[in-house]
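Reading through the structure tokens given below for one structure.
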Amino acid sequence: MIVCLCHRVSDRDIRRSVADGVHNFDVLQDETQVASACGSCHDCAREVFDEALRACAAAHGVTCSTPARVIPIARLAAA
């Protein structure tokens, strides 16, 4: 299913990114541009991402909670 119409990002794209090691939603947005244009898909994209993250954690036998928000170093330097 297409989650983000603006950038043609599907639920499979999000799951693939998580399987490839993307475990932070901000990084997912940087790599796929999901939920970065009109924003109407943000909630759905976040749900698919969180579900994929939990599935990935379960497959590797670890527990998973929603990761803390990471502030990029560039933002810290500017502050």
Side-chain angles (χ1 to χ4, degrees):
M1 136 183 95
I2 297 295
V3 174
C4 177
L5 293 173
C6 297
H7 296 288
R8 290 193 50 87
V9 179
S10 71
D11 60 328
R12 290 181 188 173
D13 296 326
I14 295 171
R15 288 187 181 97
R16 186 178 313 114
S17 291
V18 170
D20 289 345
V22 175
H23 297 149
N24 180 288
F25 191 76
D26 291 335
V27 174
L28 178 74
Q29 286 183 296
D30 289 343
E31 290 189 3
T32 65
Q33 301 303 307
V34 69
S36 65
C38 75
S40 65
C41 65
H42 185 274
D43 291 344
C44 181
R46 187 67 204 217
E47 286 177 24
V48 172
F49 175 77
D50 289 343
E51 176 187 307
L53 198 57
R54 284 190 299 272
C56 184
H60 291 93
V62 296
T63 58
C64 179
S65 61
T66 303
R69 180 169 169 76
V70 175
I71 301 171
I73 294 172
R75 286 192 195 165
L76 290 175

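Every value quoted in this text rests on a predicted model; they were computed, and no experiment measured them. Numbers here simply count residues along the sequence, with the first being 1.
- With sequence neighbours excluded, the residues that form a side chain to side chain contact (heavy atoms under 4.5 Å, CB included) with Thr32 are Val9, Ser17, Leu28, Val34.
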Identify every side-chain donor-acceptor pair in residues 36-43 under 3.5 Å, counting partners at least two apart or on other chains, and give the distances.
residue, atom, partner, partner atom, Å
Ser36, OG, Gln33, O, 2.5
Ser36, OG, Gln33, OE1, 3.4

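- Distance check, rounded to the nearest 0.5 Å: CZ of Arg46 to CG of Leu53 gives 8.5 Å.
- When every heavy atom of Phe25 is checked against every heavy atom of Phe49, the shortest pair comes out as N-CZ, 3.5 Å.
- The ring pair (Phe, Tyr, Trp, His ring centres under 6.0 Å) check on His7 picks up nothing, with sequence neighbours excluded.
- Checked against side-chain hydrogen bond (donor to acceptor under 3.5 Å, both in side chains), Glu31 has no partners two or more places apart in sequence or in another chain.
- Applying the side-chain hydrogen bond (donor to acceptor under 3.5 Å, both in side chains) rule to Asp13 yields the partners Ser10, Arg16; only residues at least two apart in sequence or on another chain are considered.
- With sequence neighbours excluded, the residues that form a salt bridge (charged side-chain N to carboxylate O under 4.0 Å, His left out) with Glu51 are Arg15.
- Residues Val27 and Val18 share a single hydrophobic cluster, defined by chaining ILVMFWY side chains whose heavy atoms lie under 4.5 Å apart.
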